[in-house]
Each structure stands twice: as C-alpha cells, then as structure tokens.
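Presented below is the structure to which this report refers.
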2 protein chains.
Amino acid sequence: MTTMKEIARQTGVSVSTVSLVMNHRDAGRVKPEIASRVRETARQLGYQINPMARSLRTNSTRILGFISDAVATTPYAGGMILGAQSAASRLGYMLITVSTDGGMKEDDEIDALKRYGADGFLYAKMSNRITDVPSKLLDYPVVLTDATDRNGVIPSVEPNEFLIAYDATTHLIKAGCERIAYVGCSETMIAQEGRLAGYRAALENAGRDFDERVVTNVPNNGPALREVSTLFDAEHPDGFFCFNDARAWYVYECAARRGLTVGKDISVVGVDNHRVFAETLEPQLTTVELPHFEMGYWAATKLISMIENRPMNDIEWPKTTAPLPPIDAPIPAKIHCTLLEKGSVAR
Amino acid sequence: MTTMKEIARQTGVSVSTVSLVMNHRDAGRVKPEIASRVRETARQLGYQINPMARSLRTNSTRILGFISDAVATTPYAGGMILGAQSAASRLGYMLITVSTDGGMKEDDEIDALKRYGADGFLYAKMSNRITDVPSKLLDYPVVLTDATDRNGVIPSVEPNEFLIAYDATTHLIKAGCERIAYVGCSETMIAQEGRLAGYRAALENAGRDFDERVVTNVPNNGPALREVSTLFDAEHPDGFFCFNDARAWYVYECAARRGLTVGKDISVVGVDNHRVFAETLEPQLTTVELPHFEMGYWAATKLISMIENRPMNDIEWPKTTAPLPPIDAPIPAKIHCTLLEKGSVAR
DNA sequence: ATGAAAGCGCTAACAG
DNA sequence: CTGTTAGCGCTTTCAT
C-alpha cells in the first residue's frame, strides 16, 4: 500500500504538499507544476488514500450508517440500500448497513456503528409509518427513509402515495376500463390515505364518479379473499388498482375461479412489493414499483448535505460515473417520492 | 469519546497497561488487582475502543466485505446479510455490504472495500451457480455463499438441495398424497439436480415408484403455465413439489381454473424465494425456505476462522447474546446447508 | 509487573 | 508557496 510519504519521497516534496494536492486543496497554495508532478507519481503508484488514518485525524470517516428494520423479511430494503449506496459511492462515502430484525438489539447496532465512526445515519422503515427516532441517534445527522418522524423534526424521504395511485388509476382509465375498483388496505397506514386520495382524484379528473361500492379495504390475510370475491360478484369491476401484490393475488384467484383472464377480461395494476409477480406475470399484470431506490438515493444525498453542512443543490457531483438521477433540488417531480425538510434542518 | 489515555489518568496507570487489559492480554502480565481497577473505570466511563486507531496500528479492521449481486432485485440477499451480520457481530466484526447490481462496477466496489480495510470477503450469488471469483479478491480470504467456485479452491457454503427436496417430498407423502408431481426448473442450475434426486429418493424410500410422467421442468415464464396445465389434466396429481414460488403460482392458477382448492383437494409445497406466498397463502401452502440466513451465518463464521487462522470449532463464542445456531463444526445436519472446504483452506 | 517511547498514515497549524 | 512539527488513539518493543 503506497503512502503519502512514499509519493513525497519520489517527487521530492514534503508530505504536507502531497496531502494538500491529494485533497484538492492546492489551488493557490501549491505551484501547479509541482501539483501535477505529485498527481502523476500518485497515479503511477496507484495511490489510494487510507481512510482510517484520515479519520483518526479528522474525526470524520465518510461512513454512513444505514439502519433498517427488515432486510431479511422483505425485498424492499434491497432497493433502498442500493439507492443509498449509489449516492454515497458517488459522493465518496461508504455505507454500513445494519438490520435490527433477527434478534439484533437496535441500540447495540447503533453503538457499533458509532464506534466505527459513522458520520450520520439513515433510519429506514419498510413502510411509511409514524416513527420514533431512537434517542441514541439524535446527536447525529439523521434522515428517515420511508418513515415519518413523530415529532416532526427529522427530515424524511417518503413515497408520494398520491401520485403513485393517481398514475396507476389513470393507467387503468386509459386502458379502457369502465369500472375501476380500489382494493386497499384496512390497516391504518400513511400510504392508504394518499393512495385512496390519488385514486379518487384520477377518477374525478377523468370526469368519473367516485363510487364507494367498488372501494374495499381488506386486511392482510385469509378472509380478505372473501371480500374480494364479494366485490367481484356484486360490482363486476373490469379494472383493479391493488394496494400491493398480496391483494393482486386475491384478484387473480377470484378471476381464475370465474374463468376470467387477467389482461383480457379484466385489468389489474398492483403496487409491487415483492418481485414474484413482476417475474411471473408479465405482461398480464402492470406493476407499479415503489421508489425504494430513489428514496435511498435522495435520503443519502440529503444526509451528506447535512453532514457537510451545505445545501442540496450545492453538492458537487463527481463526473466520473454512470448516469443516475441528476442532483438538483428539489427532487424531480416525476420521481414518486418527496423530501420533507423538517424543523431541525439548519437551512 | 473516552480514550485509553483518560482511563490511564483516572486509574493512575499507563496507557500500555490499559491497552493490555482492554485486549485481554493481561494474564500474568498485569497484577489482577490493577487489571480489575482498569476494567472498572473503563466500565464507568463507558469506554469503547476506537477501531480506526487500532487498525492503523494493526493493519486489521475486523471489517468483513459482503459482495452481493442482487440485493435490490431479490429478497434472498436480506436473509444472507442478516445471517452474516449476526455471526460477524457476535465475533466482534462489522459487515460492509456492497451490491453490484444497479450499475455499480464490481471492481470499484471491491477497491472501496479494500480501502476501508476489509479483512476478508464474502462473495454471494443469489442462486447456486458455478462462479468465477474476481481476481481482485484472490489475495484475501474469501468464502463463497450460495455459489460454487469454478476452480474448486475457494470454500463455499451452499444449500443442501437434496435434503430440501427430500424433506418437502416426505412432507407430501405424510400428508397422504398419492401422486406427487415435481414441478422443476428447466434452466441448468445446480439446485435442480439435487432437488430432483431428493424428490426421487424420498419417493423410493417410501416404497413408491419414480414416475417420469409427473416430473416436469418448466422455464421461468409464460408458456410454463401450459405445461403445468397439461400435467394437471393428463396425470391428476394430488401433490406438488414446486421448485420455487413462481411455479407454485402456476399450480394455484391451474387449480383455481378447475375448481380445485389448494389445501383441500391438492397439496402444494413450494420452495419460498419471495415472501408473498408466505404472507398471503398460509395455511394453504407449505413453504420451504432456503437457508439464506444460515448460509450467511456459516459463511461469515468460516471467513473469520480463516482470517484469524484458527479452526472453526476453536472459535470462542461470546456468551452474551440471544440463542442462535450453535457453533460446532460441522454444521448441524438439520440445517439445510453445507460447508465445502476447498483446497486453498489451510485446514 | 509496569511505563516510556516510537510510530501506523494522515491533517493542520505555523514558520519560513 | 513549501516544509517542519505535533498529534489523532492505539499497539508494541524495550527498559526498568
């Protein structure tokens, strides 16, 4: 492993000069010619900065802690992690992920992350809920992902449920459906509210009436199938907007039992939480994916902007890597998530 | 953040003594009475070792790199990560996870991990395949997870497909099924071979004949439904062992169209890859879960044993935390995965 | 049995 | 503009 000392020796300058150059702090402080000689030897030697040594000095590790409650039991987490990792990676940060399912004590995991010097934390829930942020986190920069702070002080990135439902419903309208049902969720979730509103807005915007008879809120298991069944026989919808793919499955089963084929006799749009339908049922089912990647991406970006204490749109993007969502504040409208700046945010 | 210096000051000893004690290297070198005074102040001050500073000296970070190819697109990864995290955490290690889907360049991620000082790597694929280990990894300790090294030199932890299929089929036999079909996978995967053998062995062990007519290997999409349909009408099986839940879904759809109810008229056991069925269809469907958690757990354990250069069964387990798979070599038989020691392993 | 001192690779004052 | 110096928190000889 090449060190600055080595570069200094080979270039015939001091380590401090090398340090300055390697950290792009050489403008007006190091003669350009020397600077470029330093860069050249660094390149030749394949120099990689030693983040450990640096953090020991600076008390900043460029490590982000990602705390999730359910990496093992849902596929959602993966997308978020990936989004966060992408943003982090582009800005020179690293992500350490811990999960608190599987019997891991949350506080212990937070301690471990702190020991390893995390500069800030992403606190992720796997579906938008009012959330208490662990007090251990409050002395660090934190951004919530797919969750809402109970006290309204921590910034969060959440799905735009209204837009998701609006677009899905509009899709069914354009596909020619006459009677569009909403198979919702009976648990009180933040998502449900926005979805219903979006569904309603899309209908009314198309000059249709909102009809309570085709709206059903089913719980997550067994008896749900009966409710969907009733809906089928009583209302004969030809389009279904489903809260998630478990509900989409009820629709499939009911259709099959009635000799109806999805994609021909009826249309279904489901919000895709698991990937099984996406893999199996295309092109019968249109799935809407929750913007997990984007949420992770923007949350990490926001977190870094807090850590480095500069505004979102001031963040300098390395030009080196592949195309990804551009970084301009605010989050582009067509991406279905929103950044909620909260009271605690300096600017 | 309390430092050793502070503890030394308050206890009236030197830092070296504190270091000795905090690293449990004090046996016979520090007077027991002093040692316990040191431990006491450390406890009072809530001392936590600074891993950065330590690694700067020792060139060992107790960081494990977990490289996955698909955290975002499958839910498998989560379980593995969690298992690896559990084992790591119990042995005082930390896991840094990177994924190479989502356009991340694998080599770049490996470089980043190396910069952060990873002591070794877990290289995970999301279904058992013959795999080339990136050459960048070969100068570090590596364990493959759910993958098999093409050159047969890297140790790996893989699912025991035979056992999985054997148990699933036996389950159907005990449930009273007379004619048990195997809905397999037509892609050449390592899993398929073991599953078919396990299915066959279970049948023969129960004194039944293996009957090719109820064995079907369907590809992953569309036309598959027709093959299952044919199987239904031509052979009338009353039990189905499905390669995964996409295939289980075909069986469900066919059953529904024939007015048959799963859990009453026919029985289905599917290997659960996604969670949707587990969440939705209980108790109609019996799912067998792949031992993702266990694979991650054992792989991390093995990796640490390699890093610290001691045998698996020599690993000291902290007694502090919740019950988890016990650590004795070999891996207990009822856990459906196997550790393959390979040529490169010292012992 | 304990402490003093050097040094891991880097950054940041401060001199020059 | 560039180099010298000190020190981040820890481990590790080497004296005592």
Atom pair distance, as rounded to whole Å: CE in B:M4 and C1' in C:dA4:
17 Å
Between B:E40 and B:R37, is there a salt bridge with N-O shorter than 4.0 Å?
no
Taking for each residue the nucleotide of DNA chain D with the nearest heavy atom, is it B:A53 or A:G12 whose nucleotide lies nearer the 5' end?
A:G12
Is there a donor on the side chain of B:S16 or the base of C:dA4 sitting less than 3.5 Å from an acceptor on the other?
yes
Which nucleotide in C:dC8, C:dT2, C:dC10 has an atom nearest any side-chain atom of B:T17
C:dT2
Roughly, in whole Å, what's the span from CD1 in A:I7 to P in C:dG9?
12 Å
Using heavy atoms and a sub-4.0 Å distance, could you list which residues of residues 23-50 of chain B are near DNA chain D? By number, please.
B:N23, B:Y47, B:I49, B:N50
For B:R62 and B:L91, indicate whether the former's side chain and the latter's backbone hold a donor-acceptor pair under 3.5 Å.
yes
Can you give me the first and the last nucleotide of DNA chain D (5' to 3') that has an atom within less than 4.0 angstrom of a non-hydrogen atom in chain A?
D:dC1 to D:dG9
CG of A:D26 to OG1 of A:T17, rounded to nearest 0.5 Å, is 10.0 Å
Begin with the C-alpha distance, continue with both residues' side-chain angles, and end with the deciding distance and a verdict on side-chain contact (heavy atoms from CB on, under 4.5 Å) for A:L95 and B:T97.
CA-CA 7 Å; A:L95 203 67; B:T97 306; over 6 Å; no
Please, which pairs that meet salt bridge (charged side-chain N to carboxylate O under 4.0 Å, His left out) have at least one residue in residues 134-144 of chain A, sequence neighbours excluded?
A:D111-A:K136, A:K114-A:D139
If you go through the side-chain atoms of B:R57, does one of them form a donor-acceptor pair with the base of C:dG7 closer than 3.5 Å?
yes
How many whole angstroms separate atom CE of A:M1 from atom C1' of C:dG9?
10 Å
Distance, rounded to the nearest Å, where B:R9 contributes CZ and C:dT2 contributes C1':
19 Å
Applying salt bridge (charged side-chain N to carboxylate O under 4.0 Å, His left out), name anything that partners B:R9, two or more places apart in sequence or on another chain.
B:E6
When all nucleic acid strands are considered with a 4.0 Å heavy-atom cut-off, which category describes A:T58: base, sugar-phosphate, or nothing?
sugar-phosphate
B:Y140 meets the ring pair (Phe, Tyr, Trp, His ring centres under 6.0 Å) criterion, sequence neighbours left out, with B:F121
Would you kindly compare B:L20 and B:L56 by the position of their nearest DNA chain C nucleotide and give the one closer to the 5′ end?
B:L20
Sorted by chain and number, sequence neighbours left out, salt bridge (charged side-chain N to carboxylate O under 4.0 Å, His left out) with A:R54 holds for none
Using only atom types and a distance under 3.5 Å, with no angle test, would you say the side chain of B:R115 pairs donor to acceptor with the backbone of A:P51?
no
